[in-house]
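Heads up: the structure comes next, in structure tokens.
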Amino acid sequence: LRTDLLGSIEAAAGLDAVEAVRVQALGKQGVVTGLLKTLGGMSPEARQVEGPRIHALREAVTEALAARKAGLEKAALDARLASETIDMTLPVDGVPAGSVHPVSQVMDELAEIFADLGFAVATGPEIEDDWHNFTALNIPETHPARAMHDTFYFPREEDGSQKYLLRTHTSPVQIRTMVQDKPPIRIIAPGRVYRSDSDATHTPMFHQIEGLVIDKGITLGHLKWTLETFLKAFFERDDIVLRLRPSYFPFTEPSAEVDVGFTWQNGKRVIGGDPRKSDNGGWMEVLGSGMVHRKVIESCGLDPNEWQGFAFGTGVDRLAMLKYGMDDLRAFFDGDLRWLRHYGFSA
Ligand code: PHE
């Protein structure tokens, strides 16, 4: 019987067959179970001889069943592993590669251009306090420029003061840099800024880049040369013509708005060319700039008789639009892949 049972367990071709043998041997009506039942009717002498033999048989059958079951399960797993392999080195198709967003791309280009001119990159918080965003920039509480900035304010403090806001420009980074670092200073500060404004050319969040130079004997000439060099490098053209138009910013004196000449080409404005020499173009405003106001230098704890400098600020999104011929600012922040693809920015 033992040989028979162990033989059919060994021969069981699948888990179902193993189960059938188990029922046949150890089930309620099974042969081994039947043998165990006979022990009760035996004489003590006979039981002493037969008991251990029958129990050993049951043990051997149980073990053989478990071993066969494990063997079959392992074989099934091996077969699955052999047939279901995945080749991790195969290229995946149908998943387009990402690409750098035009705004990030332009910020990278600007950082590179200014790095060549010896400018480091500085940053500041987007949640700014009133002092850095306005007061230290010579925009006191009552100044009309505050109203012009369409500021997003955080709730008032208990004492009624208005402490925090979303920075409306990157100029507070000028302040943070002058307070923290010793001159000479040459930095650019790219980043997000916020104004409560929205149409085809305004979004509540947009990007600016600030420039600041503080040293001894800095003049408007340095400012103009720097801007000209930067714009030529950025638009990749030598025929960039600049016009500095007198303007007003509370934190610069004198202040100048900077226009660049453009030429009409196929109904589009293309930066470059001298509008004074042809009637096929005009001026486009690209930057705000000026010599840093003495009061601003003073509020940062520096002596304006020793240190002077210039500052400028411009919209990164606007520069991207001009360079890549895009016309709706809002599209920058829609995340529409078709738009990115159209301008050659996505796979
Ligand atoms: N902060 C100004 C703006 O947002 C730009 C500017 C920066 C002007 C630095 C002059 C100097 O409009």
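Note: hydrogens, waters and symmetry copies are ignored here, and every other heavy atom, side chains too, is used. Everything numeric here is computed off the predicted structure, so don't read it as measured data. As the structure lists them, so they are numbered: ligands from 1, and atoms in each ligand from 1.
Tracing side-chain contacts under 4.5 Å through hydrophobic residues (I, L, V, M, F, W, Y), one reaches W264 starting from M284; they form part of the same cluster.
With respect to D259 and R245, a salt bridge is recorded, a charged nitrogen being found less than 4.0 Å from a carboxylate O. At a threshold of 4.0 Å, the pair E50-R53 counts as salt-bridged, since one of the basic side-chain nitrogens sits closer than that to a carboxylate oxygen.
The nearest non-hydrogen atom to atom 7 (C) of ligand 1, considering only E210, H169, M291, comes from E210. Nearest to atom 4 (O) of ligand 1 by heavy-atom distance, out of R167, Q208, H293, is Q208. Compare F251, F249, Y248 by their heavy atoms: the one nearest to atom 11 (C) of ligand 1 is in F251.
Remark: minimum distance from atom 5 (C) of ligand 1 to any protein heavy atom is reached at G313 CA, 4.1 Å.
Counting the atoms of ligand 1 from 1 in the order shown, those under 4.0 Å from a heavy atom of R195 are 3 (C), 4 (O). Residue Q174 approaches ligand 1 through these ligand atoms, each under 4.0 Å from one of its heavy atoms: 9 (C).
Note that the CG atom of L287 and the CZ atom of F312 stand 7.0 Å from one another [nearest 0.5 Å].
Contact annotation: for E257 versus ligand 1, there are no heavy atoms closer than 4.0 Å. In S289, the part holding a heavy atom less than 4.0 Å from any atom of ligand 1 is the backbone.
Annotation: side chain of P102 is in contact with side chain of L340 (closest heavy-atom distance under 4.5 Å).
Evaluated for a side-chain hydrogen bond (donor to acceptor under 3.5 Å, both in side chains) with T168, the options D150, N133, T151 yield exactly one hit, N133.
The cationic group of K323 lies under 6.0 Å from the six-membered ring centre of F234 and within 45° of the ring axis, placing it in a cation-pi geometry.
Inclusion of S171 in the set of residues having an N or O under 3.5 Å from an N or O of ligand 1 is warranted.
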